[in-house]
Structures are given as C-alpha cells and as structure tokens.
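Take a look at the structure below.
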Amino acid sequence: MKNKVQAFGKFLSGMVMPNIGAFIAWGFLAALFIDTGWIPNAQLNSMVSPILTYLLPILIASQGGKMVGGDRGRVMGAIAVIGCICGSEYTMLMGAMVMGPLAGWVIKKFDQMIDGHIPTGFEMLINNFSVGILGLILAIIGYYGIGPVMSVILGILAAGVKVLINNSLLPLVSVFLEPAKVLFLNNAINHGVFTPLGSQQVEELGKSIMYMLESNPGPGLGVLLAYGAFSKDPATKSSAPGAVIIHFLGGIHEIYFPYVLMNPAVIVAPIAGNACAILFYMITGAGLNGPASPGSIIAFMMMTPKTQMLVSALGVIIAAGVSFLVASPIIRVSGAKSLSDAQNQMNSMKAESKGMAAPAGTVKVTGEIRKIVFACDAGMGSSAMGATKFRNRIKGIRPDITVTNTSVDNVPGDADIVVCQTILQDRAAKSAPQAQLVTIGNFLADPALDALFEQVTASGSVPAAQVEEKPAEPEKKDDKGLLVREGILLGQKADTKEEAIQAAGELLHKLGYVDESYIPAMQEREKLATTYMGMGIAIPHGTSQAKGTVKKSGIVVLQYPDGVPFGDEKANLVFGIAGVGDEHLEILSNICGALEDEEIMEALLTAKDPAIVLEKLG
C-alpha cells in the first residue's frame, strides 16, 4: 500500500514539477500587479486569470499526456483539457491531472491497435487525424462529463478546507503532513493537492494559506538547530550547520529527513512547530500569492503579499522555535543511530519512493512489468547491446515482456522499468517519471541485471497462448558495408582508453562512416559514462548531439590482446560504432550472440585473420 501511495503521489507531482516555473511566474504576476499587489496595474493584472484558467491546466495536462503517451499524448492532453476548462467554473488543475493521463492512455492504446496496419504513405495523415479526432472527443467528454464531476469534487474539497479553517482545525493537518514529508511524499502533497486548492483560493482571495502548509522552512530548521546544539555525536553536531544553510536558504527540505530518522521520536517537533505556525497564520489571515518552490525562506518571502511580510516571517520563526524547543530534550536524553546509517536509510526510502533501484544486487521492482527499456546517452550502442542480451535471456521465460532500447532523454511513456548507468539516472527519471529505475555499472555483466532477471522471472514462465501475438518484425536491412575487412584491426596495443577510442574513431572516419568531428564526440561520450560493457568488450561511439556527423552506419573492430584499461576493467575487443537509425543493430545483436558462446569469443580474442572476425560476426 505504501508503494502504491508513493507511486501515485510521484505521478501527480510529476505532472506539476516540470511546470513549476509557470506557477512561479503566475505567482509573481499576482504578487506584483493585482489590486493588493506591490505595484497594482490593471492592464498587467488582466493576465493573471487567463494564465491560471488556461495556461497552467494545459501545461499540466500536456505533461500528464506525455508521461503516459509520449509526444502524441502531450498534444492529446492539451486538446482534451479544454473541455474541462470550459465545462466548469472552477480552475481545472485537478481536472488536468485526470484528462492528461487519460488522453495519453487513449492515444497509446490506439497506436498499439493500429501498429503494423497503416498503409504505406498514410502514416502522417492517420497520425495527425487520430490525435485531432480523439482529442476532440475527449474534450467533449470533458465538457459534459469530467468537468462537472471535477467541479463537484473541488467544491467538496473547498468546503472541507473552509470547515477546517472556520473551526480552527487546519493545524491538525501537520499531524499527517510532517510524517508524510519524511516518507518523501512532500512534493506529491504540496504540488498534487495544496497547489490546486491554493490556486483556487488565490483566484478568489488573492492569496492562500494552502501554499504555506508544506513549504514553511521553520519546522525543519528547528530540528537542525537542536541537533547542532545538543547532539552527542560529534559528526552529527558538526554537520548540522551546513544542513541549516542548505535547508533554510536552498529550500531542500530533504536534508533534515535523516536527522529525524536518526530518532523517530523527533518527528513530534516539526509536527508541533508547523501546527503552531499554521494556527498563527489562520489567526492573522496570512497567505501566499503563489507556490514557494523550493521551500526556502527566500521563495517563501518572495511569494508573500507586501502587507504581510512580517506575518510570514513571524510564522517561520514560530515554527522553528517550537520545533527547536520540542526536539532539544528528546535529542539530549535519547540515543540515536549514526547520521550515516540514517542517510543510508533515507537513500533507500527515497529510491523506493521514486521507484528507483537499490544498490546493485538488491533491485526491487513492483507492479506489473510489460516493458523494459535500456537507456544510454545516444541510444546507439551500449543500451542496444544490453537490451539484446537481456531480451535473449528472458524471452524463453517471459515472452510477454518487451525489452527495447533508446536514448535516455527519449524514453517512451509506456516504459515500466528503465535500465541505465548510475550517472544517467537523473536524466532517466526526468525523461520517464512514471517508470522504475534500475541503475547499473555496465550493460552486460552487472549484479543489478541478475537481480532484475530474478524478479521479473520469479512468477515463472508464461504460456505462449497467453502472449499477445505481435506483428512480424520488418525484414532487417542488408548489413553489407557495416563491417568490412578494412574495418578490422588485430593485435593492437594502447596504453589508455583514449588512445583506443581515438584509433576507433580515426578508422570510422577513414572508411567514410563519419566526419572527423565525430572523433572528439566519442571522447566526450566516454567522459559522460563509460562505454565499457563488461566481459572484455567496449563499444565507444559519439554523443547524441553528434549523430548529424554520421554519414552512414558502420562498425569497426580493434583487437587488443593485452587489454586496454577502461576504469578498473580491461577491454580486449573495442567496437567503434556509428549508426544511422537501426541499421547497425544487426551487428550488435551478433556480438551479443557471440558473448554467449565461449568458442566464438575465444576465436575473436585470438584471431590472426580479419576473415575469422567477419565470419563470426557476419
């Protein structure tokens, strides 16, 4: 249940977080130019309502559609949410969170249904008309159905908030909010729930207390100050001042979570601090003009109306003071685990909340798995080999799982699991916020891949009759010219990987596969993340930005009997790759096949004649 709640919360916040800049722009517009703003301006104030009514819901719906249905889902979501907007008197931020993913799901299912059935030459016509027609249908459904339903839901929620405020019960929200923050649901709650409700209040009142509930930096500040003053652990005591700066000025609330996890009883302190601050804000009628994100004192004060700067500051001081007073005796009289242990626990919890993998060998995946995507920088070489090897590994047991590869910045919206190198995990999470991440060191022989294999095959084999029949793959292109005798150099020597990569790049250029500028792009790609694949294989290639310098697909092979250092490993076979489209994947597939056969691998490693390499990889 916790995993499901975290995944749902992450999905909601994933629609809002990429668009938070637009919310901030709107917040500044309101703070400056509305009638009660810093510099009232009736003309500029006229932009406040359209941005809130149209721009923000469209951005959220577009992001939600993209998360589920890719770029086509993005357009569908923008079309569909217009119906909700025009069919309701409320601001449709929550409506956008429904319509966007729904539109993405509809177009994804439509694309799956027609896959392989579009007549040649009609692709653009069908793709454009399908988005337009289906988007219009959803817009009409939104106008007459989803919009009015969301209006009722928003009315109930708004009434509930008023009841809490009128009966002075809003401070009780902190009892649930603060523990949820430590479980990494802070962004989900703030941007998935409080921001939509706050936006509605701003439209009516010009400010909202909802923006102050989660973003107040005071509760966490009090905890950190108490640890800095009274912790018995020197390491914890010395780390607290730096954490204070990051939390209070940088707005990174996650920095104080491990300090709470060191001693769970300390959670009482931020609960009490935030409850007191909320009560103070209710009494004084405080509120912010827009979301304070990140939750630093700087953002918090910048979103404060000019007449309430002192009130906002006092609320932060009250929260910090109460939190400090409550936390101090708990920290002084009780023992706690070390800060490093708490940080490890926090990292594990954070990875779980994001659907990310634990360290290598401890992979934990949840839910139904239908599509696994291997992602690297360009989607050209390492991810293709990794996907091929893993696909071959599971196809006899789980033929129902699709295993493919792509660039880390273009992961499809229907990916359930993304496998990438650790250094690329932030880009992968941004590209596919809906997917679980499995981070690895290399694509061919990594403990995390073994753990992933064990988990996805744990349920046993899937009978062929239960597997949906897929359209036959198009006939592979003739790979003649991709690997030629002149592109095979045996018995080479190199002291560094840079030398080996340079040699591979120069050979690709000499054979007319790439422009000379592709060579430095290969070196740059290696700096980004190693192209060492494991099992003595490296496949250097250019960055994604260098694809325009590829003239035609080609692969070169350089054999290094003594090995070339790639980090802590040595590569004996270096495959230089230049790819246009998927033309080079056949050779990579053959390389993966060779890795499964010890005799073929031995022949490649000891070959004295290029003809042997051609024969084994042809």
Straight-line distance of [X] [atom1] to [Y] [atom2], nearest 0.5 Å:
X      : Y      : atom1 : atom2 : value
Gln502 : Gln523 : CD    : CD    : 5.5 Å
Met97  : Leu102 : CE    : CG    : 15.5 Å
Asn127 : Asp71  : CG    : CG    : 12.0 Å
Arg370 : Asp400 : CZ    : CG    : 4.5 Å
His509 : Lys551 : NE2   : NZ    : 6.5 Å
Ile537 : Leu604 : CD1   : CG    : 7.5 Å

Determine whether a donor-acceptor pair (N or O, by modelled atom type, separation under 3.5 Å) exists between the side chain of [X] and the backbone of [Y].
X      : Y      : value
Gln492 : Tyr560 : no
Asp609 : Ala611 : yes
Asn572 : Gly536 : no
Asn392 : Thr388 : yes
Ser130 : Ile126 : yes
Asn405 : Ala387 : no
Ser431 : Val411 : yes
Thr531 : Ala538 : no

Looking at side-chain heavy atoms only, is the closest gap between [X] and [Y] below 4.5 Å?
X      : Y      : answer
Tyr518 : Leu508 : yes
Ile501 : His541 : no
Phe374 : Val403 : yes
Arg72  : Phe110 : yes
Ile488 : Leu483 : yes
Ile79  : Val131 : yes
Glu506 : Ile519 : yes
Pro433 : Met15  : no

So does [X] have more than 12 non-hydrogen atoms from other groups sitting under 6.0 Å from [atom1]?
X      : atom1 : value
Met113 : CE    : yes
Glu499 : CD    : yes
Glu599 : CD    : no

Shortest non-hydrogen contact between [X] and [Y], atoms and distance:
X      : Y      : result
Ile107 : Gly104 : CG2-O, 3.3 Å
Pro412 : Lys371 : CG-NZ, 3.9 Å
Gly487 : Leu507 : O-CD2, 3.7 Å
Gln63  : Asn19  : CB-ND2, 3.8 Å
Ala80  : Ala103 : CB-CB, 4.2 Å
Val456 : Phe390 : CG2-CZ, 4.4 Å

Apply side-chain contact (heavy atoms from CB on, under 4.5 Å) to Leu489 and Val556, showing your working. CA-CA 8 Å; Leu489 299 180; Val556 297; over 6 Å; no
Verdict with reasoning, Asp414 to Lys108, per salt bridge (charged side-chain N to carboxylate O under 4.0 Å, His left out): CA-CA 8 Å; Asp414 59 348; Lys108 182 176 75 171; 5.2 Å; no
Please step through side-chain contact (heavy atoms from CB on, under 4.5 Å) for the pair Ile417 and Ile369, ending with a clear verdict. CA-CA 7 Å; Ile417 294 176; Ile369 305 302; 3.7 Å; yes
With side-chain contact (heavy atoms from CB on, under 4.5 Å) as the test, would you mind laying out the steps for Gln559 and Leu573 before giving the verdict? CA-CA 5 Å; Gln559 179 201 71; Leu573 292 172; 4.1 Å; yes
Name all residues meeting the salt bridge (Lys or Arg N to Asp or Glu O under 4.0 Å) criterion together with Lys497; count only those two or more places apart in sequence or in a different chain, and write none if there are none.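 Salt bridge (Lys or Arg N to Asp or Glu O under 4.0 Å) list for Lys497, sorted by chain: Glu526.
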Begin with the C-alpha distance, continue with both residues' side-chain angles, and end with the deciding distance and a verdict on side-chain contact (heavy atoms from CB on, under 4.5 Å) for Ile397 and Phe453. CA-CA 10 Å; Ile397 304 173; Phe453 173 80; 3.9 Å; yes
